[in-house]
Student: 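The structure is given below, and queries will be raised subsequently.
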2 protein chains.
Amino acid sequence: MSNSHSHHHHHDDDRDKDEVLARYMAQHGLKSTRQRSLIIDTFFAVGGHLSVEELWNKVREQDTKVSVATVYRTMKLLSECGLAHARNFGDGQTRYEAAAGRDHHDHLVCTGCGTIIEFENERIEALQDAVARRHGFKVTSHKMELYGLCRECQRGGPVASEA
Amino acid sequence: MSNSHSHHHHHDDDRDKDEVLARYMAQHGLKSTRQRSLIIDTFFAVGGHLSVEELWNKVREQDTKVSVATVYRTMKLLSECGLAHARNFGDGQTRYEAAAGRDHHDHLVCTGCGTIIEFENERIEALQDAVARRHGFKVTSHKMELYGLCRECQRGGPVASEA
DNA sequence: ATTTCTGCAAAAAATTTGCATCTGG
DNA sequence: CCAGATGCAAATTTTTTGCAGAAAT
């Protein structure tokens, strides 16, 4: 339900992403390797909010001997060039989510079953900017999470926890 | 819970806090110990957004042999009874901040110098509730952080990092 | 007396890093 | 070739835990 009104066309997201990545790598003298490509492709293909370990598992389905270290290093890269955002939802792990070509969005996190729903709200964004301006801040990014119980969990009681 | 308009008098916050704490401890069969009191008092006295280690250091100025484990355990407690909130600002550590008697507030985090400014905005809160309602969520808490450069850091360039 | 703490040190969990060895450009 | 990347294991960092002794109710 996202990618509705991008300023461009259909799969420009992908193109943008690749461009951003290529430019960044060139500027920083980085090399394109089999592992990096695999990790990055997997990351964008799977989507969602992946912990490094989850991503690592997915990656290893393709190439058994990619090391976690490489996944950590690659995700840090993606994060630095703005194609992924690191998030912390309170479970001990850092989770990454794709950022390219997406409007900013925030999260509703169900503390019962762990479901994460994304949403966007322009009016909130506008107010955030206003607040920041009022404090003399130049905002570069933000995150917002609402924690609570989803419809299901309000009824039947929380579904068994599953980390 | 923290629905109180804090426009009461001076130390109602403290009273509230102590009540909440006492009730919670009673209901859960918890004991009031020297260490817990020290940690909790220190936590509220210092204020700000403390990591466990920072708090531990402060605590040890009073009592050299409180263990870090106790600080972790106590902060988890405070967090569970709603008197403190755990936050993650992206440096590897969980930080806690006092919650008693305060209206909900959010943060402006300067990525240049690390300064954290708190703010409240009812209109944003209202919009958040609306969004949640629209998704069938019953929100229990939320967090929101805006990252960017504060006035200072926009001018003179980022102050030397001081991790 | 009984139940709940605390300190300590070991254990876990998450992430980073050193280094010898490969690899892309 | 050579800068940069990878794997692996060891090292860090952050948080949790088991347990025996200490305290609180």
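Chain naming here is simple, since letters A, B, ... match the order of the sequence lines and numbering starts at 1 in each.
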Student: Check whether any side-chain N or O of B/Y72 sits under 4.0 Å from OP1 or OP2 of D/dT15, and answer yes or no.
Tutor: yes
Student: Tell whether A/R73 reaches the base of D/dG7 with its side chain through a donor-acceptor pair below 3.5 angstrom.
Tutor: yes
Student: Has B/E80 got more than 12 heavy atoms of other residues, nucleotides or ligands less than 6.0 Å from its CD?
Tutor: yes
Student: Taking only the side-chain nitrogens and oxygens of B/R34, find out if one of them lies under 4.0 Å from OP1 or OP2 of D/dA23.
Tutor: no
Student: Taking only N and O in the side chain of B/S32, is any of them less than 4.0 Å away from OP1 or OP2 of D/dA24?
Tutor: no
Student: When the distance from CG of A/N57 to C1' of C/dA14 is rounded to whole Å, what number comes out?
Tutor: 14 Å
Student: Whole-Å distance between D/dA22 C1' and B/K65 NZ?
Tutor: 12 Å
Student: Mapping B/G92 and B/A69 onto DNA chain D by nearest heavy atom, which one lands closer to the 5' end?
Tutor: B/G92
Student: Indicate, with a heavy-atom threshold strictly under 4.0 Å, whether B/V68 touches base, sugar-phosphate, or nothing.
Tutor: nothing
Student: Please tell me which of the listed nucleotides, D/dT14, D/dG7, C/dT4, lies nearest to the side chain of B/Q93?
Tutor: D/dT14
Student: Please report, rounded to the nearest Å, how far the C1' atom of C/dT16 is from the CE atom of A/M75.
Tutor: 16 Å
Student: So if I take the C1' atoms of five pairs at each end of the helix from C/dA1-D/dT25 to C/dG25-D/dC1 and get each local axis, what angle do the two axes make, rounded to 10 degrees?
Tutor: 30°
Student: Does A/N88 use its side chain to pair, donor to acceptor, with the backbone of A/G90 at less than 3.5 Å?
Tutor: no
Student: Just call it for B/S51: base, sugar-phosphate, or nothing, with non-hydrogen atoms closer than 4.0 Å on any strand.
Tutor: nothing
Student: Tell me the closest heavy-atom pair linking B/C153 and B/L149, and the distance in Å.
Tutor: CB-CD2, 4.0 Å
Student: Take atom CG of B/D91 and atom C1' of C/dT15, then tell me their distance rounded to the nearest Å.
Tutor: 14 Å
Student: Taking the inter-plane angle between the rings of B/H28 and B/Y24 on a 0 to 90° scale, is it parallel (under 30°), tilted (30 to 60°) or perpendicular (over 60°)?
Tutor: parallel
